[in-house]
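Read the structure below first, then the notes.
The first residue in the sequence is number 1, and the count goes up from there. Computation of the quantities below employed the complete heavy-atom set of this structure, encompassing side-chain atoms and omitting hydrogens, waters and symmetry-equivalent molecules.
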Amino acid sequence: MQRITSLESGLASVKHEVEHNDGSSLKDSAKRTEKAVKGLTNRVDKLAEQVDSFTRQPPHSP
């Protein structure tokens, strides 16, 4: 019986981490990280486009 109780406790801990809850689970953390990385990727892509457009422009004559 003690082994079943231990297994149930362990399963509850795993379940807590792989399901959405109050934001403290690993799953919630992974979603926040994924969203932040996507936002940063979009910003870097836009900056790269700007740099590319500057490098394609002819140099200014004095």
Side-chain angles (χ1 to χ4, degrees):
M1 188 64 175
Q2 182 181 2
R3 183 170 180 199
I4 292 173
T5 303
S6 176
L7 289 172
E8 287 174 338
S9 176
L11 182 59
S13 294
V14 170
K15 185 177 177 182
H16 173 78
E17 294 301 331
V18 297
E19 292 184 345
H20 293 289
N21 54 28
D22 59 359
S24 65
S25 70
L26 287 173
K27 185 171 188 169
D28 290 332
S29 177
K31 288 289 187 184
R32 285 191 306 273
T33 302
E34 185 178 57
K35 184 178 179 181
V37 168
K38 186 175 183 177
L40 289 171
T41 300
N42 290 338
R43 291 180 68 188
V44 168
D45 289 345
K46 288 178 184 177
L47 287 171
E49 288 173 12
Q50 289 177 344
V51 168
D52 288 344
S53 72
F54 288 133
T55 59
R56 285 192 300 259
Q57 293 178 0
H60 294 308
S61 298

Name each donor-acceptor pair under 3.5 Å that joins a side chain in residues 27-34 to protein atoms two or more places apart or in another chain, with its distance.
unit_1 : atom_1 : unit_2 : atom_2 : d
Asp28  : OD1    : His20  : ND1    : 2.5
Asp28  : OD2    : Asn21  : N      : 3.1
Asp28  : OD2    : Gly23  : N      : 3.0
Asp28  : OD2    : Ser25  : OG     : 3.2
Arg32  : NH1    : Gly23  : O      : 2.8
Arg32  : NH2    : Gly23  : O      : 3.3
Thr33  : OG1    : Ser29  : O      : 2.9

Does any part of the side chain of Ser24, heavy atoms only, come nearer than 4.5 Å to the side chain of Glu17, both counted from C-beta?
no

Please set out all donor-acceptor pairs under 3.5 angstrom arising from side-chain atoms of residues 5-13, sequence neighbours excluded.
unit_1 : atom_1 : unit_2 : atom_2 : d
Thr5   : OG1    : Met1   : O      : 3.1
Ser13  : OG     : Ser9   : O      : 3.3

Heavy-atom distance under 4.5 Å between the side chains of Gln50 and Leu47, does that happen here?
yes

